[in-house]
Structures are given as structure tokens and as C-alpha cells.
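The structure appears right after this line, and notes come after that.
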Amino acid sequence: MKKHIIANIKMNQTPEESKFYLASIISKASALVDKRLTICLPYTSLNLGKMMLSGTDITLGAQNIAEEEEGLLTGEISGRMLKGCGVKRVIVGHSERRSRFKESGQAINKKIKIALKNGLQVILCVGESLVEKNTLKTVASLTAQIDECLKGLYENELENIIIAYEPVWAIGSGKTASVKDIEYGVKAIRKAVENNFSEKAGKEIEVVYGGSLNGKNITSIYNAEGLNGVLVGGACLDAQAFLRMISKC
Ligand code: 13P
């Protein structure tokens, strides 16, 4: 199975900037033959992404989804709206949303169910805080997040879920987790999935890593044991530097 490279553009790029960005990436699509690239654009660039990425092997992603289908939720974006913009995958439960927008495990669980119901694949982010890491609570934290977020799902729905292991302390901090840390976290995630579903589910669930990835650390992390790819934040914003980074995978 090809590994994932997922770009999270976060709150960057106007539609015009996304246009130039995507054009640069598409022009070097040959660099992607043995990889699965997903670009998670801001909402305002999604329609443009739909047009520019159609006919390419690059998947259009979004960064969030409302926890309800429709209604009195000013400013929110529903699964149906995302689908209408050509979105195939959506990030759910990013730590920036958990901390800045107080998204609970329960809300994330609802978002996952809504996304799946609308035919969208989910990139579920989980990760321990620095305090949890330092007090040896990484496994407990990851397990609790998986238990809460995947509650009530059927095992066959897991084929549409990618779990992103993003230690909170590694995001945007320049502090990358070591390969040993990553393998430890990924193992804990697989075990939690196994406990909620089955041994097969724990083995087969796709897990990617995100947190301060860059051109220097990408090769060793991309090849870490048990990992199905990477989720890149800051280092994906410059298209040329990102393409150089991809070429090292
Ligand atoms: P950075 O690569 O900037 O640390 O961000 C990671 C991330 O949050 C991806 O979702």
C-alpha cells in the first residue's frame, strides 16, 4: 500500500495563493507516483481545489467539519457542503481545535460519524500533551482519546479512517518526536484500536505522524516502523520546499 503524505495548510493562503501553490505541486506530479498526497486546504480555497485537482492523483482534503448535518450553526461548514466542494478527506480533532475551540472527544466522535455518513474519509488527530509525556501518561492519553473518538463505530468503518499521531508538544514547536517516541505512540494507538475492535483492526488501521516535520527529519520518520505516512504542517507551505521534502520520502 502506498504511504500517505498529507499537507495541512491550516489558516494560510487566499484562493489566489492556493492557485499558485497547487499549480506548482501539480506540475511536479511525477514526484508522487509511489505516494498518496492529500492537500487539506482552507474552506475558501476548496472549490478552486476541486477544479484544479480533478483528473490528478492528488486528494482534496478539508480541515474541519460541523458536528451536525445542518441548521442554526452560523459560520459552520457541514459534511454535505464539503462533499459539494469535492472534498474526499477531512481532518477531525486537530489539537489546535481541541485546545483553542474546546472541541471535546464527544464532539469529535459526532464529527467522525457525520463525516462518514457523508462519504468522507476521516483523518483523526490524537496526541499527548507535554505534561502527559513527562508524567508517563502518553499511553493513557492516547488510549482515552481513541476510546472516546471511535465510540460506537463499526469495525468496517475503520477503512475510512486514518489516525494521525500528533504529539501536542511537537506541533509547530520545532521539537520533533524521535523515531522511538513515534513507534511507541503508534503502538499504543494500534493497541487501543485492537481493544475497541479486533486484532485485525489494530494491525490494519492506517496511522500517520505529524509534528515539526522538515526536510531533515522526513526520511527517517517516513520509514518508521508501523507508520503509514506523514501529516505535514508548516513545512508544506512553500511548494518548492515541500516538493523537495517529498522527494526524500
Ligand atoms: P507542524 O508540521 O507545523 O508542526 O504542524 C503539524 C500539524 O499540526 C499538522 O496537522
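We count ligands from 1, going down the list as the structure has it; atoms in each ligand are counted the same way. Position 1 is the first residue of the sequence; numbering continues from there.
Near Ala170, meaning under 4.0 Å from one of its heavy atoms, ligand 1 places the atoms 4 (O). Every atom of ligand 1 with a heavy atom of Lys10 under 4.0 Å away is listed here by number and element: 5 (O), 6 (C), 7 (C), 8 (O). For ligand 1, the atoms lying closer than 4.0 Å to a non-hydrogen atom of Gly234 are 1 (P), 2 (O), 3 (O).
For ligand 1, the polar-atom distance check finds an N/O of Gly233 within less than 3.5 Å of one of the ligand's N/O atoms. Some N or O of Gly172 is nearer than 3.5 Å to an N or O of ligand 1, by distance alone. Note: no N/O pair closer than 3.5 Å links Ser173 and ligand 1 by distance alone. Remark: ligand 1 and Leu231 share no N or O pair separated by less than 3.5 Å (distance only, no angle test). Considering both main-chain and side-chain atoms, Glu96 never comes within under 3.5 Å of ligand 1 through any nitrogen or oxygen pair.
The OG1 atom of Thr176 sits 5.5 Å away from atom OH of Tyr209, with the distance rounded to the nearest 0.5 Å. The CD atom of Glu96 sits 8.0 Å away from atom CD of Glu166, with the distance rounded to the nearest 0.5 Å. Rounding to the nearest 0.5 angstrom, the gap separating the CZ atom in Arg89 from the CG atom in Leu120 is 11.0 Å.
Taking the ring centre of Tyr222 as origin, the terminal cationic atom of Lys248 falls outside the region bounded by 6.0 Å and 45° from the ring axis.
In this structure, Glu183 has no salt bridge (charged side-chain N to carboxylate O under 4.0 Å, His left out) partners at least two apart in sequence or on a different chain.
Here the protein heavy atom with the shortest distance to atom 9 (C) of ligand 1 is Glu166 OE2, 2.9 Å.
Between Tyr21 and Phe242, the angle of the ring planes stays under 30°, which puts this pair in the parallel group of the 30/60° scheme.
In Asn8, the part holding a heavy atom less than 4.0 Å from any atom of ligand 1 is the side chain.
Looking at every heavy atom in both residues, Leu22 comes nearest to Leu41 through CD1-CD1, 4.1 Å.
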